[in-house]
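Data first, discussion second: the structure below is written as structure tokens.
If you're wondering where the values come from, they're calculated on a predicted model, not measured in any experiment. By convention here, the first residue in the shown sequence is residue 1.
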Amino acid sequence: MKNQHITVFSGSSILVKGLQNRLEDHNISALIKDRVESARLGGFGEHRTAIELQVLDVDIEKAKPIVAAYEKEINS
């Protein structure tokens, strides 16, 4: 069975990088999918918050409480 990446968060580059660091502190590998840069290279625009953070489906349950706490913190 092949593992899949699931988007757990999207936002600005700074917010995505901050969450990636927290997940890595808990030994959860995360992948950044930068649609802004891809759009720029393709010659068209994209909203600046179109940066996604993805984790493997096997890590999703471990990642959910960390993501929820991070979202609560940044929205306070």
Side-chain angles (χ1 to χ4, degrees):
M1 176 128 193
K2 186 176 179 181
N3 292 330
Q4 295 181 1
H5 283 93
I6 299 172
T7 300
V8 293
F9 183 81
S10 63
S12 70
S13 177
I14 292 171
L15 293 176
V16 168
K17 189 66 177 167
L19 180 55
Q20 181 186 33
N21 290 335
R22 289 200 184 178
L23 290 170
E24 289 176 352
D25 287 345
H26 290 87
N27 297 318
I28 300 171
S29 182
L31 173 75
I32 294 177
K33 189 171 186 179
D34 189 344
R35 294 182 186 275
V36 175
E37 185 63 13
S38 296
R40 185 190 69 77
L41 292 172
F44 55 95
E46 182 68 69
H47 195 272
R48 67 178 183 87
T49 61
I51 301 172
E52 299 175 354
L53 188 67
Q54 300 179 341
V55 298
L56 286 173
D57 55 358
V58 296
D59 292 329
I60 194 74
E61 292 305 316
K62 289 186 346 186
K64 281 182 181 181
I66 299 165
V67 172
Y70 186 74
E71 288 177 331
K72 184 177 179 181
E73 183 180 320
I74 63 172
N75 290 323
S76 299

Is the shortest heavy-atom distance from the side chain of L15 to the side chain of F9 under 4.5 Å? yes
Do Y70 and L31 share a hydrophobic cluster (ILVMFWY, side-chain heavy atoms under 4.5 Å, transitive)? no
Please write out which residues are connected to V58 in a hydrophobic cluster, directly or through intermediates, given that two of Ile, Leu, Val, Met, Phe, Trp, Tyr count as joined at side-chain heavy-atom separations below 4.5 angstrom. L56
Pairing residues for N21 by the side-chain contact (heavy atoms from CB on, under 4.5 Å) criterion, not counting sequence neighbours: K17, E24
Hey, which of L53, D59, D57 is the one that makes side chain to side chain contact (heavy atoms under 4.5 Å, CB included) with I6? D57
At what distance, to the nearest 0.5 angstrom, does CD1 of I28 lie from CD1 of I60? 9.0 Å
What is the minimum heavy-atom distance between K62 and H26, and which atoms define it? NZ-O, 4.5 Å
Heavy-atom nearest pair, A30 first then L23, reads CB-CD1, 4.1 Å
Between Q20 and I32, does a side chain to side chain contact (heavy atoms under 4.5 Å, CB included) hold up when you go through it step by step? CA-CA 8 Å; Q20 181 186 33; I32 294 177; 3.2 Å; yes
Who are the salt bridge (charged side-chain N to carboxylate O under 4.0 Å, His left out) partners of K64, not counting sequence neighbours? E61
Any pair with a residue in residues 65-76 that passes salt bridge (charged side-chain N to carboxylate O under 4.0 Å, His left out), sequence neighbours left out, goes on the list, sorted by first then second residue, please. R22-E73
Set of residues satisfying side-chain contact (heavy atoms from CB on, under 4.5 Å) with respect to S29, sequence neighbours excluded: none
